[in-house]
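Residue numbering restarts at 1 for every chain, and letters A, B, ... go by the order of the sequence lines.
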There are 2 protein chains.
Amino acid sequence: MSDPSSELDRVFHALGDPTRRAIMERLTDGPLSVSRLAEPLNVTLTAVMQHLQILQECGLVYTEKTGRVRSCRLEPGGLAPLEKWIRDRRSPWEKRLDRLGELLGP
Amino acid sequence: MSDPSSELDRVFHALGDPTRRAIMERLTDGPLSVSRLAEPLNVTLTAVMQHLQILQECGLVYTEKTGRVRSCRLEPGGLAPLEKWIRDRRSPWEKRLDRLGELLGP
DNA sequence: ACATTAGTGAAGCCTCCACTTCAGTATCAG
DNA sequence: CTGATACTGAAGTGGAGGCTTCACTAATGT
């Protein structure tokens with residue numbers, strides 16, 4: 001893996017675009033082909049492809065081509081770095097509560 | 001409050017910029033004035049102001065001016081919608097595990 | 001009072017990036 | 001074989017947005 005901070009950069013940048021978030025939301029319910037993915041979106045198939053490439057490069061989406069159709073699905077741990085960043089943004093006392101919860105909970 | 005989906009849009013867009021994320025990271029350790037905020041960043045004071053306005057408009061940062069200095073701090077619940085979106089991106093079975101955890105844990 | 005500090009407002013520049021068009025390549029169906 | 005489907009690649013366009021400069025106001029310090 002490369003520089004973790006620039007990886008986070010890419011994730012945030014990727015999710016900054018509404019269309020790409022729409023793709024992620026769409027894939028939440030299960031794998032989809034590129035064409036099906038493009039249907040409800042108001043963009044070209046080519047545009048969807050470009051978005052998919054970006055989402056892939058930062059580990060948010062996994063795609064696999066079988067025959068002439070490419071199947072797209074969410075990468076399981078893709079949002080983890082984002083989640084970690086958010087947790088790190090809590091105030092110190094909140095963090096302390098978190099740690100307490102981790103000790104007591106799971 | 002306005003349309004919630006466009007609110008989420010603004011949050012994601014705001015965090016899509018590295019400089020704005022740097023501001024958020026800087027404010028994690030406590031309130032800071034605009035000048036102090038700008039010091040380590042390689043941009044003008046004016047640029048920082050513009051970023052702050054954006055961060056404010058989507059409820060991520062709270063600022064208050066006393067005298068000639070404006071104090072900036074993180075808005076406590078600001079990242080909540082973002083967090084919710086991430087949670088909603090889990091697969092159905094993962095969600096079910098989450099609910100189970102919620103019932104057993106806290 | 002005067003200089004300095006801290007922040008504002010307006011206007012313009014310029015780069016990046018989302019999107020399109022068009023042309024091309026496999027794959028599948030009849 | 002023929003046509004349709006599903007994607008891929010290259011190249012170009014337009015607009016949004018991040019940044020700067022310059023001019024200005026208000027608070028503070030000596």
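- Counting to the nearest Å, the C1' atom of D/dG15 and the NE2 atom of B/His13 are 13 Å from each other.
- Ion pairing between A/Arg21 and A/Asp17 fails under the 4.0 Å rule for side-chain N and carboxylate O.
- Among the protein residues, A/Thr46 comes within range of the nucleic acid bases, having at least one heavy atom under 4.0 Å from a base atom.
- Looking at B/Arg90 and A/Glu83, a side-chain N of the basic residue comes within less than 4.0 Å of a carboxylate O on the acidic one, giving a salt bridge.
- As a whole-Å value, the separation of B/Gln50 CD from D/dT20 P is 9 Å.
- Rounded to an integer number of Å, the gap from CE of B/Met49 to C1' of D/dC24 is 14 Å.
- Judged purely by atom type and a 3.5 angstrom limit, A/Arg70 has no side-chain atom pairing as donor or acceptor with the backbone of A/Met49.
- Atom NZ in B/Lys65 sits about 4 Å away from atom P in C/dT8, given to the nearest Å.
- The CG-P distance, from B/Leu45 to D/dG18, rounds to 17 Å in whole Å.
- Side chain of A/Arg68, nearest nucleotide from D/dG9, C/dT8, D/dA6: D/dA6.
- Residue A/Thr44 places its side chain closer to C/dT21 than to any other of D/dT20, C/dT21, D/dA11.
- Between the CG atom of B/Asp17 and the P atom of C/dC17 there is a distance of 11 Å, given to the nearest Å.
- The listed nucleotides are C/dT8, D/dT8, D/dG18; the one nearest the side chain of B/Arg20 is D/dG18.
- Residue contacts for B/Thr19: at a heavy-atom cut-off of 4.0 Å it reaches the sugar-phosphate backbone alone, with no base atom in range.
- The 5' end of DNA chain C is approached more closely, in terms of each residue's nearest nucleotide, by A/Ala47 than by the other of A/Thr66 and A/Ala47.
- Phosphate contact (OP1/OP2 of D/dT8, side-chain N/O of A/Arg70, threshold under 4.0 Å): present.
- Taking the charged nitrogens against the carboxylate oxygens, A/Arg20 and A/Glu25 have no contact shorter than 4.0 Å, which rules out a salt bridge.
- Once rounded to the nearest 0.5 Å, the distance linking CG of A/Leu55 with OG1 of A/Thr63 reads 10.5 Å.
- Atom pair A/Ile54:CD1 and C/dC16:C1' shows a separation of 11 Å (rounding to whole Å applied).
- Atom CG in B/Leu32 sits about 13 Å away from atom P in C/dA6, given to the nearest Å.
- For B/Val43, the side-chain atoms get nearest to D/dC19 when compared with the rest of D/dT21, D/dC19, D/dA6.
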